[in-house]
There are 2 protein chains.
Amino acid sequence: MTEIRQPTPRRGTNLPRMGDFNLTVILDAIRRTSGGLSRVELAQIVGLSPQTISNISRRLLDQHLIVEAGKEGTGPGKPRTILRLNPSGMYAIGVHLDPAVITFVVLDLVGDVVKHSRMATPAGSDPATVITTIADEIKILIQDSGVDPAKVAGLGVAVPGPIDLDEGSVVDPPLLQGWNRVRIREALAQATGMETLVDKDVTSAAVAETWAGGQSGTGSFIFMYMGTGIGCGIVLNDEVIRGTSGNAGEIGHIIVDPGGPQCDCGLRGCVKSSCIPVVVVAEAEAAGILDGNRNSTEGPDVQEYFARLCDAADAGDEKAIAILDRSAVLVGRAAAVVTNTLDVERVVFGGPFWGRMSKYFLQRVPGIIEENSAARRIHSIEVVGTGVGEDVGAIGAACLVLEHTLAPRAQRLLLEG
Amino acid sequence: MTEIRQPTPRRGTNLPRMGDFNLTVILDAIRRTSGGLSRVELAQIVGLSPQTISNISRRLLDQHLIVEAGKEGTGPGKPRTILRLNPSGMYAIGVHLDPAVITFVVLDLVGDVVKHSRMATPAGSDPATVITTIADEIKILIQDSGVDPAKVAGLGVAVPGPIDLDEGSVVDPPLLQGWNRVRIREALAQATGMETLVDKDVTSAAVAETWAGGQSGTGSFIFMYMGTGIGCGIVLNDEVIRGTSGNAGEIGHIIVDPGGPQCDCGLRGCVKSSCIPVVVVAEAEAAGILDGNRNSTEGPDVQEYFARLCDAADAGDEKAIAILDRSAVLVGRAAAVVTNTLDVERVVFGGPFWGRMSKYFLQRVPGIIEENSAARRIHSIEVVGTGVGEDVGAIGAACLVLEHTLAPRAQRLLLEG
DNA sequence: CTGCCGGATCTCGGTCACTGAATCCCCTAA
DNA sequence: TTAGGGGATTCAGTGACCGAGATCCGGCAG
């Protein structure tokens with residue numbers, strides 16, 4: 001279908017790369033410890049000598065990425081100087097282009113939202129117009145946020161898959177008509193003048209978790225993104241897995257309900273035909289829990305109806321509870337397939353639909369995953385809901401920039417070609 | 001179920017680590033180019049300066065890991081000196097502990113088998129006795145091979161999962177009775193005096209592919225291991241994925257046949273209940289292709305019956321062909337689930353049963369994977385059979401040692417705790 | 001046969017990140 | 001007030017990579 005990808009040869013590394021990498025390692029360690037860290041603690045954690053830590057801290061202080069935040073002394077000896085991230089040391093813009101709604105955020109260095117906005121996705125407009133609209137909104141957003149534009153490191157864009165990572169393009173996503181092979185990266189980079197990164201929404205969500213998710217964003221986990229569709233983001237040993245073309249995490253055709261409804265792939269009971277919100281809502285309608293007047297199968301509508309289903313369940317409607325419970329079981333099975341394949345230590349749930357369903361899912365999914373875990377004799381698998389709210393997509397998009405600039409990715413060490 | 005794994009903090013790197021890493025990078029580049037490489041070409045490929053390449057080449061020559069192998073000059077100028085791997089620069093021992101048979105190999109640096117042997121797995125013996133037997137056989141093997149023991153870098157052991165990588169133990173595999181939490185790594189290290197590594201057989205097979213598989217062992221791929229069970233090894237960007245506890249690649253409960261037979265997990269049509277060899281053989285018996293006198297469901301027997309089924313198919317028996325064809329479709333679906341989850345560029349098939357089935361699988365699987373690929377608009381997925389023969393398990397086990405010692409793993413750069 | 005030329009490789013000094021040892025600094029406790 | 005302990009910094013040292021230039025090794029024209 002496309003050109004053959006020649007294997008990227010493995011490259012060497014050199015002194016400057018090493019320096020940069022160690023800098024990001026230290027920043028990462030500071031970032032991941034809520035209370036901040038002293039220089040000695042850092043030396044302990046990252047394994048470098050105290051002198052090196054001192055030097056690197058100085059560089060970080062000079063760049064205003066960290067600040068000295070008080071002292072901490074118990075017992076004799078000079079008290080430790082605590083180093084903490086400087087929230088206003090850097091900012092990133094994130095845009096989530098969803099078929100229904102476009103979300104914008106300005107994120108600071110610690111991952112807090114400084115400013116945010118939304119607009120309905122213009123229906124029927126051609127991509128070029130939409131892109132211009134996005135670029136305009138970004139400019140306004142930066143202005144309104146009062147953030148120094150010089151401190152904005154770049155722009156991240158989360159889009160529904162499939163994508164082509166090399167091209168930075170969206171490749172004909174099911175719900176965005178006319179968006180076939182639109183090179184949104186180039187277009188937005190040009191329109192905004194910012195360095196721009198594009199990634200899939202589910203991958204972005206996983207990155208959001210690593211950056212703004214606290215303890216549950218460390219180590220190896222999958223992020224189950226509950227949106228209009230269901231996908232997963234993958235993080236192994238603190239590094240995001242993107243796949244050859246950036247399309248990792250497509251789990252829509254994992255079969256979870258052998259006796260379930262027919263799917264367009266010809267088989268029965270795939271995730272996308274048995275437990276995504278549209279289907280769940282339809283089931284609820286069929287069961288008479290919701291009135292059947294829904295006039296579209298698109299995002300906002302579905303989300304509203306889904307909320308009503310959850311309301312019914314919250315109010316004690318047995319049938320509603322059963323439907324949600326069953327969808328939790330099915331999604332749990334899909335997650336188990338992935339955890340068994342990758343042997344991760346945690347499953348994090350999130351996404352626009354997560355908030356309402358969390359109660360039912362958290363009751364059911366851990367058991368399903370535990371039962372089905374091939375490694376259950378060796379370690380348990382934690383199941384948690386994300387702390388990052390409904391805007392994970394956009395926040396993750398912004399985190400793409402932070403991750404690219406500041407995360408200690410092994411890739412950063414290697415020389416470029 | 002067990003202790004909580006605290007997140008490994010990300011560590012820094014330093015000068016010596018960098019040097020070692022670059023050395024492995026260069027060795028890797030040489031290893032992966034069949035004809036050898038000159039110093040200038042190396043500089044080009046790995047991105048280091050010619051001087052550095054010279055220095056590192058000298059170190060490699062001193063260690064006898066590479067040799068200068070002739071010159072190559074077209075046109076004017078000094079001809080290039082070709083650097084090639086020195087096969088006898090290092091050796092590794094590999095053992096594959098299979099429920100039916102134990103395989104031993106001595107491997108040289110280029111991944112060629114120098115010496116190999118096998119024995120039936122002693123049935124009913126306790127693990128300690130088996131381990132002693134293995135250690136003895138290893139000593140004999142090294143002696144017989146005539147290899148300088150000082151050049152043997154270590155011992156790799158491939159075992160059926162699940163395993164506990166931290167402990168280096170086998171955790172109650174279905175077909176090895178009495179092998180629950182047996183710390184085989186320690187035991188064999190002590191008995192042989194060699195540095196010992198333990199890993200799952202499917203992971204080892206994937207490592208074998210990266211080391212001895214040529215072009216198809218590069219980049220990102222999954223290795224579908226067709227043994228008594230079916231599992232997969234995962235390699236992303238030239239690095240093997242092991243998972244938190246070393247148990248990645250468990251795909252036995254992926255559902256591939258919604259209308260299929262009941263599985264012990266309560267659902268229908270899982271891989272392990274619908275397309276592993278035992279099941280296929282049983283189907284063939286039911287269809288009257290094989291006589292039903294099989295007296296065990298264990299390895300050697302199954303393999304023999306499976307071979308007969310293939311014979312029948314080769315001879316043109318339509319029913320036999322249909323059965324193999326169908327199993328190919330099912331396995332293909334499982335592979336597609338994994339390729340969609342990880343977005344890899346290649347699927348490599350192998351394992352003890354592969355040789356006989358390859359013809360039927362290679363006809364069917366590529367189409368199944370292509371059809372089901374979520375990224376088919378972006379890139380195609382190559383499907384190939386491994387060049388590494390029936391002994392992949394043992395060869396892979398030996399490759400674990402080579403990989404651990406000589407592969408440019410990012411992990412190598414990081415300081416230890 | 002000789003000198004010239006181009007390309008590969010090596011030699012030598014320079015740079016820079018990390019490290020070991022020693023020093024400076026700051027606070028607690030007697 | 002003083003001793004002492006631990007944190008952070010300074011200073012010189014190491015070693016890997018890099019730039020410039022020298023050296024080596026053929027082929028080719030004269």
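Because the structure is predicted, anything quoted here is derived from the model rather than measured. Chain letters run A, B, ... following the sequence lines, proteins first, then strands; residues in each count from 1.
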Under 4.0 Å between a side-chain N or O of B/Asn22 and OP1 or OP2 of D/dC17?
-> yes
Within a strict 4.5 Å, meaning less than it, do heavy atoms of the B/Thr13 and A/Thr13 side chains meet?
-> no
With a 4.5 Å limit on heavy-atom distance, are the side chains of A/Leu65 and A/Arg59 in contact?
-> no
Can you identify which nucleotide, out of [options], has its nearest atom closest to the [X] side chain?
X	options	result
A/Pro79	D/dA8, C/dC26, D/dC17	C/dC26
A/Gln51	C/dG20, C/dA8, D/dC17	C/dG20
B/Met18	C/dC18, D/dC17, C/dT9	D/dC17
A/Ser54	D/dT9, C/dA17, D/dC17	D/dT9
B/Lys78	D/dC17, D/dC25, D/dG7	D/dC25

Strictly by modelled atom types, are A/Asp343 and B/Ser245 linked by a side-chain donor-acceptor pair under 3.5 Å?
-> yes
[X] [atom1] to [N] [atom2]: how many Å, rounded?
X	N	atom1	atom2	result
B/Glu68	C/dC10	CD	P	7 Å
B/Asn55	C/dC12	CG	P	12 Å
A/Phe21	D/dA16	CZ	C1'	18 Å

Looking at every strand, decide which applies to [X] at a 4.0 Å heavy-atom threshold: base, sugar-phosphate, or nothing.
X	result
A/Arg59	nothing
B/Pro50	nothing
A/Thr81	sugar-phosphate
B/Arg58	sugar-phosphate

Search all heavy atoms of B/Ile93 against all heavy atoms of B/Val401 and return the closest pair with its distance.
-> O-CG2, 4.4 Å
Heavy-atom pair with the smallest gap, counting every atom of B/Gly12 and A/Asn22 | CA-OD1, 3.3 Å
Between B/Pro16 and A/Ile53, just flag the one whose closest nucleotide in DNA chain D comes earlier from the 5' side.
-> A/Ile53
